[in-house]
Protein chains: 2
Amino acid sequence: MAVGPAHLPTLLVLDADPLPRLGRLTGRVRVLHTDEASLAARLPEADVLLVWDFTSRAVRAAWPGAGPRPGWVHTASAGVDHLLCPELTASGTVVTNARGIFEEPIAEYVAALVLAMAKDLPRTWESQRQGEWRHREGARVAGTRAVVVGSGPIGRAIARTLKALGVTAAVVGRVPRTGIHGPQDLDRLLARADWVIAAAPLTDATRGMFDTRRFGVMQPSARFVNVGRGPLVDEDALVRALERRWIAGAALDVLTEEPLPPDSPLWRVPGLLISPHMSGDTVGRWDELGAQFVDLFERWAAGRPLKNVVDKERGYVPGH
Amino acid sequence: MAVGPAHLPTLLVLDADPLPRLGRLTGRVRVLHTDEASLAARLPEADVLLVWDFTSRAVRAAWPGAGPRPGWVHTASAGVDHLLCPELTASGTVVTNARGIFEEPIAEYVAALVLAMAKDLPRTWESQRQGEWRHREGARVAGTRAVVVGSGPIGRAIARTLKALGVTAAVVGRVPRTGIHGPQDLDRLLARADWVIAAAPLTDATRGMFDTRRFGVMQPSARFVNVGRGPLVDEDALVRALERRWIAGAALDVLTEEPLPPDSPLWRVPGLLISPHMSGDTVGRWDELGAQFVDLFERWAAGRPLKNVVDKERGYVPGH
């Protein structure tokens, strides 16, 4: 079969820095680049949309416009809440995500936060800044109990890593299955947990699930970590829970508003650690994300089934 | 055998807060308490000396004095460098330490430091203090290489915990044995290490071993952690190595001068994390240390062999 330029599929890339290295696809695809502002105008030309700037919410805004739409959208992220809108969900467009890239980095990041809070490193470095030698006792991590909310590959990787440190880690998912608790076990597990880790996708069922009632169920010694999506947490309820010492501390790597504005009071809540949505972002990941897309593209071009296909109704890739 | 008060052995305790809970020994031992100032005067009365204040160097000062000396000295610490002086080493007095209490807490602390440095948590919390959302990329920990200097139970626990996080960890000891490298491998291992962990006892052979030459052997991306004893490190050489970017960072939990004085320039060296000798100190450890001493005392009182007996020439408990 002769393939001329006119027959090449069009790949539209919603750009971020650095640009994706498409390597093997050179000459086999017509690549268009776009920023957020031009996305809506370019969308009708695209066979495939690569959401390389996975912090952008522009796809949700551009999708309901007129014209044909790409048959496949891939996002270089685990979460897809920034993409899905009713029109995309109802369409025949396939959505895939970056499952497989972020799991282990995020699990390490959670382990870093858990150990740092157990050993009180934030206060140690605050004392260092003031030139003060303030000896304290840390807590053991081995033998403590964690509950990980989110039974996808990220939540399961977090549980594996915590178990390697001697933590008893329970995973809670949407439906119970082998080794995974269902929602009906959540409150009972929260009430005994030393660590509560939020690693669920953002869906209608999970939005705001960490609210006043759930923080009230936790132990005064419990610490809460969110590496899922900001809106899983009612941030006002979390601040009150910290102020009232319902829980002992919290770390948010994701927030309802990102970037968190400089004047947000959240920066200065005692006992609250903030990091800039970086738990999954490690040196070298852009190369991994690019190689993953190239592999998926070759499947798509060959008419083979895609992997990492998102269930658009549920808002995540189902199954193991 | 009738045992009256006159026949009770005398236990002298160099006090620290909280006092040891001697539980089962009540009525079976005459307990005298002392502070550093009275130690020399009280020492001749003691059959057993419990160095409960393991930060004190008073035993080294008091030992060469006149009069009989206790036949057994136990320290509630892993290191014994604060006790050993030529007179004690030459004497028939048995010295025991707290082997078994600090290993796992120190291993967790090292894991906390390694993960915190990989994920750049110190800078993240500095940005939080300034209300700045500064996204960066962290490093993976799995797949990196560590060399742990010190093949006692603490060094081996550190290696085990790092391995659980996917780190390739080599242990270097005084003599090679199964799974332990000898000193002749040290420079070669240092040259390839991402993490260099000092966890050796302080002896004539280890004092100042981390010097200009050894920091020069390390990779520019390497990070150095000391949880052994401060004088293992030439601190001036470490500061120069950080300033010249011979290595990427360091964390000292132990220092040549403790507490580190408020006006020490070490507090403010860029890339250097300081913590107040707390890596092994966890909630509940006083109870564990007290129970361990009670067990050893019962062995001693029954004429059975002690455990955790220090080789006073070498300066640590030999063997596995």
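The sequence lines fix the lettering, A, B, ..., with proteins before strands; numbering per chain opens at 1. Because only heavy atoms are used, hydrogens play no part in the values below, and waters and symmetry mates are left out as well, while side chains stay in. Because the structure is predicted, anything quoted here is derived from the model rather than measured.
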K.L.:
Quick one: side chain to side chain donor-acceptor pair (under 3.5 Å) partners of B:D15, sequence neighbours excluded?
P.N.:
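Partners of B:D15 by the side chain to side chain donor-acceptor pair (under 3.5 Å) criterion, ordered by chain and then number, come out as B:H33.
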K.L.:
I need the residue from A:A111, A:P259, A:A164 with the largest number of non-hydrogen atom pairs under 4.5 Å to chain B.
P.N.:
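Among the listed options, the one with the most contacts to chain B is A:P259.
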K.L.:
Which heavy atom of A:Q219 sits nearest to which heavy atom of A:A193, and what is that distance?
P.N.:
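It is NE2-O, 3.0 Å.
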K.L.:
Sort out for me which of A:D263, A:T161, A:L165 touches chain B most, counting heavy-atom pairs under 4.5 Å.
P.N.:
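Option with the greatest count: A:L165.
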K.L.:
Which of the residues B:S127, B:G138, B:P122 is involved in the greatest number of heavy-atom pairs with chain A at under 4.5 angstrom?
P.N.:
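If we count pairs closer than 4.5 Å to chain A, B:G138 comes out on top.
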K.L.:
Can you say whether A:L272 sits under 4.5 Å from chain B via the side chain, the backbone, both, or neither, judging by heavy atoms?
P.N.:
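Only the backbone of A:L272 comes within 4.5 Å of chain B.
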K.L.:
How many angstroms lie between CG in A:L266 and CG in A:L238, if you round to the nearest 0.5 Å?
P.N.:
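Between A:L266 CG and A:L238 CG, I get 8.0 Å after rounding to 0.5 Å.
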K.L.:
Identify, with sequence neighbours excluded, every residue that meets salt bridge (Lys or Arg N to Asp or Glu O under 4.0 Å) alongside B:E132.
P.N.:
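For B:E132, the residues satisfying salt bridge (Lys or Arg N to Asp or Glu O under 4.0 Å) (neighbours in sequence not counted) are B:R134.
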K.L.:
Who among B:E108, B:H135, B:K119 has the most heavy-atom pairs with chain A under 4.5 Å?
P.N.:
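Between B:E108, B:H135, B:K119, the count favours B:E108.
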K.L.:
Can you tell me which portion of A:A139 sits under 4.5 Å from chain B's heavy atoms? Options are side chain, backbone, both or neither.
P.N.:
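Backbone only.
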K.L.:
Between B:E126 and B:R129, is there a salt bridge with N-O shorter than 4.0 Å?
P.N.:
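B:E126 and B:R129: salt-bridged.
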K.L.:
Can you name the side-chain contact (heavy atoms from CB on, under 4.5 Å) partners of B:A157, sequence neighbours left out?
P.N.:
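Partners of B:A157 by the side-chain contact (heavy atoms from CB on, under 4.5 Å) criterion, ordered by chain and then number, come out as B:E103, B:E104, B:A107, B:R160.
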K.L.:
Residues of residues 221-237 of chain B under 4.5 Å from chain A (heavy atom pairs)?
P.N.:
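Those residues of residues 221-237 of chain B which would need a heavy atom under 4.5 Å from chain A do not exist here.
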K.L.:
Only pairs of heavy atoms separated by less than 4.5 Å count here; which of A:P262, A:P261, A:G166, A:A118 has the most with chain B?
P.N.:
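Max contact count across the listed options: A:P262.
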K.L.:
Got a donor-acceptor contact below 3.5 angstrom from the A:N97 side chain to the A:T75 backbone?
P.N.:
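Between the backbone of A:T75 and the side chain of A:N97 there is no qualifying donor-acceptor contact (under 3.5 Å).
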K.L.:
Between the side chain of B:D253 and the main-chain N/O of B:S279, is any donor-acceptor distance below 3.5 Å?
P.N.:
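Indeed, once roles are kept as given, a pair shorter than 3.5 Å links the two residues.
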K.L.:
Looking at A:D17, is its backbone amide N or carbonyl O close enough to the side chain of A:W52 to form a donor-acceptor pair, meaning the two atoms are under 3.5 Å apart?
P.N.:
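Not confirmed, A:W52 side chain does not pair with A:D17 backbone.
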